[in-house]
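Beneath this line is the structure, given in structure tokens, with notes to follow.
Keep in mind that what you see is a predicted model, and the values were worked out from it rather than measured. Basis for what follows: all heavy atoms, side chains included, without hydrogens, waters or symmetry-related copies.
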Amino acid sequence: MLNAGLTVLGLSRFQFAMTTVFHFFFVPFSIGLAFVVAVMETMYVFNKDEAYKKMAQFWGKMFLYSFAVGVVTGIIQEFQFGMNWSEYSRFMGDIFGAPLAIEALAAFFMESTFIGLWMFTWERFKPGIHALFIWLVALGSSLSAVWILAANSFMQNPVGFAINKSTGRVVMTSFSAVVTNPQLWLELPHVLMGAGITASFVVAGCSAWRLLKKDHESFYRKSLNVALVIGLIASLGSIASGDFQTRYLINQQPMKFAAMEGLYKDSTNKGEWAIYSSFNTKQHKTTSSLDVPYVLNILSYHKLSGTVKGQNTVNKELHATYDKKFGKDMNYYVPTKTLFWSFRIMAVSGGLFALIAIVGLFFNRKKSQAIMKQRWFLYIMGLMLWLPFIVNTAGWFVTEFGRYPWVVYGLLTIADAVSPTSTVGSLLFTNIVYFLLFAGLGLVMIVLSHRVLKAGPDAVDMNGYSAEDTNGKVEDPYGTEAFNHD
């Protein structure tokens, strides 16, 4: 019964996809929110407005929740390399292990250490020094992204390695090549800009919902302004970095690029760009399409002329290159529908984020009550807080599905990477357990965040999460009285 329509490979892929998607809900959110909170506290340092201090503490609570959930889901994700992908771990361990070790021992330790200092030392350091702590947290989060993406970028574009002939595994020959991988430095800015968009539009969306209730107008309007300025900058940066990354794929991963553009046949010199397309993926052809001429050339080459290889042409080239190693029966076609629509979700959303930010800043300008009168816009902005998570997931789909059929491009297939000891029964059980666990963690995150919003900024202790005695004096959590149980 368990084997009916289920395979070890399919369940392993589904489990890793589920874990990664859920983990990636919180990674860009926590990276971006650390930066947003740092900006808010820095504004307090420079203009001495207590509202910005309260903003840093208030939105900092959500950051702490997202950080905690992200750590839990990240640990679960790493377990799967040994559980379900042991052949991948054996093949890639020499290269994959180094960036992950540095991420854990340096970036993550830095991040977690300064989170503790930031949480508990609001009254122990001068404002400027205390603000430095949250900036170091934000830096640690960004450095974590660097090392994780260094490992992922090798899977997309292997560099600085050699194959050990006796073991058949990859060994690192140049650490500098791994950390200067062009894929990494094109992917990293796009991920960080996406993190800024995620955090800023969550803050803006939550602020919009509270403004609809006319709750703490001054506080949430200031939060909205900070978030939308960061969101606008991040949106424009995401569009620019996405353009560089996409154009890089034309030559580095042509099958992925062709699928993103919905091309089975080579494009013509007119460069038609498909707004909408339907596909017959079994016969590898486009059945209908709504095209705009020359847009594809402008996006691909920043000029009106040029052609792009279609999937059918790329498939022939890949067979010519890899048939000797992987055999003639390999299927090099990627999930065209998934990549085509995921790419359009990202592209359209990038422009939408920028537009919403511009309109929001206009309505929320100083000495104007326009934002409070435009309830329709507040509703739109409130709903927009969910869109970054959808867009981030779409981006992950493009990145990972576009590498099919390889787990390490050109070196190791997905089918060869799965653990030989995994069974359908064990994978089905762990899939169910993980799904319930993730659903529970997601619900807890939503409930706790809602409680923070409902309680409002006045519920945040201005002494920075410290307990107060009945005389209003701040207790020292490390003083001798803290250990007196009489």
Side-chain angles (χ1 to χ4, degrees), residues 1-27 68-97 100 104 148 151-152 154-156 167-170 281-282 326-327 329-339 342 389-390 392-394 396-409 411-446:
M1 287 295 293
L2 288 178
N3 289 311
L6 301 176
T7 65
V8 168
L9 178 59
L11 287 171
S12 296
R13 293 185 68 195
F14 179 83
Q15 185 173 111
F16 196 81
M18 175 177 61
T19 306
T20 305
V21 166
F22 190 82
H23 179 56
F24 205 60
F25 284 161
F26 300 97
V27 170
V69 176
V71 169
V72 173
T73 55
I75 292 173
I76 294 172
Q77 185 182 29
E78 290 190 0
F79 278 152
Q80 291 182 69
F81 291 120
M83 292 168 52
N84 304 335
W85 303 98
S86 60
E87 292 301 318
Y88 165 82
S89 299
R90 291 190 184 97
F91 182 80
M92 267 281 289
D94 185 69
I95 293 183
F96 199 68
L100 261 65
I148 296 297
N152 182 268
F154 181 90
M155 295 162 66
Q156 304 285 340
T167 63
R169 302 170 188 171
V170 295
T281 55
K282 292 183 178 180
F326 294 104
D329 295 331
M330 284 292 293
N331 174 27
Y332 294 107
Y333 287 98
V334 298
T336 302
K337 294 178 182 179
T338 301
L339 268 67
S342 294
F389 299 101
I390 297 173
N392 289 335
T393 302
W396 183 83
F397 283 172
V398 169
T399 300
E400 301 304 307
F401 282 124
R403 192 175 61 238
Y404 183 87
W406 290 294
V407 67
V408 182
Y409 197 92
L411 299 178
L412 181 68
T413 67
I414 298 171
D416 290 335
V418 73
S419 297
T421 56
S422 296
T423 65
V424 169
S426 65
L427 282 164
L428 185 60
F429 174 76
T430 52
N431 266 289
I432 295 171
V433 171
Y434 285 169
F435 177 81
L436 294 175
L437 176 62
F438 295 152
L441 287 171
L443 181 61
V444 168
M445 176 69 190
I446 292 172

Response to the item:
Residues at least two apart in sequence or cross-chain that pass side chain to side chain contact (heavy atoms under 4.5 Å, CB included) with Arg13, listed by chain then number, are Leu9, Trp85, Phe401, Tyr404, Ile414
Worksheet, complete the sentence: Residue set satisfying ring-ring contact (aromatic ring centres under 6.0 Å, His included) with Phe24, at least two apart, ordered chain then number -> none
Worksheet item: How many angstroms lie between atom OG1 of Thr167 and atom CZ of Phe91, to the nearest 0.5 angstrom?
Response: 9.0 Å
Worksheet item: In Å and rounded to the nearest 0.5 Å, what is the OG1 to CD distance from Thr19 to Gln80?
Response: 3.5 Å
Worksheet item: Do Asn392 and Phe25 touch side chain to side chain, with heavy atoms closer than 4.5 Å?
Response: no
Fill in: Nearest heavy-atom neighbours spanning Ser89 and Gly82
OG-N, 4.3 Å
Worksheet item: Between Glu78 and Met83, is any pair of side-chain heavy atoms under 4.5 Å apart?
Response: no
Worksheet item: What residue pairs, at least two apart or across chains, pass salt bridge (charged side-chain N to carboxylate O under 4.0 Å, His left out) with a residue in residues 414-433?
Response: none
Worksheet item: Which atom pair, heavy atoms only, marks the closest approach of Val334 to Gly402?
Response: CG1-O, 3.7 Å
Discussion item. List the residues meeting ring-ring contact (aromatic ring centres under 6.0 Å, His included) with Tyr88, not counting sequence neighbours, and say none if there are none.
Written reply: Phe81, Phe96
Worksheet entry | For Ile95 against Val170, the heavy-atom pair lying closest together | CD1-CG2, 4.0 Å
Worksheet, complete the sentence: Applying side-chain hydrogen bond (donor to acceptor under 3.5 Å, both in side chains) to Thr73 and not counting sequence neighbours gives His23
Item to complete: Tell me, please, which residues at least two apart from Ala104 pass side chain to side chain contact (heavy atoms under 4.5 Å, CB included).
Response: none
Discussion item. A quick test of your reading: do over 12 heavy atoms of other residues, nucleotides or ligands sit less than 6.0 Å from CG of Asn331?
Written reply: yes
Discussion item. Within this structure, what is the CG-CE distance for the pair Leu412 and Met92, rounded to the nearest 0.5 Å?
Written reply: 9.0 Å
Fill in: Minimum-distance pair of heavy atoms, taken over all atoms of Val407 and Thr413
CG1-O, 3.8 Å
Item to complete: Just jot down the salt bridge (Lys or Arg N to Asp or Glu O under 4.0 Å) partners of Glu87, sequence neighbours excluded, or say none.
Response: Arg90
Worksheet item: When rounded to the nearest 0.5 angstrom, what distance separates OG1 in Thr399 from CZ in Phe397?
Response: 11.0 Å
Worksheet item: Of all heavy-atom pairs between Val8 and Ser419, which one has the smallest distance, and what is that distance?
Response: CG1-O, 4.4 Å
Worksheet item: Are Val424 and Thr7 close enough, and set up right, to give a side chain to side chain contact (heavy atoms under 4.5 Å, CB included), and what steps lead you there?
Response: CA-CA 6 Å; Val424 169; Thr7 65; 5.6 Å; no
Worksheet item: Which residues pass the ring-ring contact (aromatic ring centres under 6.0 Å, His included) test with Tyr332, sequence neighbours left out?
Response: His319, Trp406
Practice prompt. Using the test side-chain hydrogen bond (donor to acceptor under 3.5 Å, both in side chains), find all partners of Thr20 that sit at least two apart in sequence or belong to another chain.
Written response: Gln77
Fill in: Sequence neighbours excluded - salt bridge (charged side-chain N to carboxylate O under 4.0 Å, His left out) pairs with any residue from residues 422-433
none
Worksheet item: Partners of Thr423 by side chain to side chain contact (heavy atoms under 4.5 Å, CB included), sequence neighbours excluded?
Response: Ser426
Worksheet item: Where is the tightest heavy-atom contact between Ser12 and Asn84, given as atom of each residue plus distance?
Response: OG-CB, 3.9 Å
Please list, one pair per line, the donor and acceptor atoms closer than 3.5 Å that link side chains of residues 431-446 to other protein atoms, with sequence neighbours excluded.
from	atom 1	to	atom 2	distance (Å)
Asn431	ND2	Leu11	O	3.4
Asn431	ND2	Leu427	O	2.8

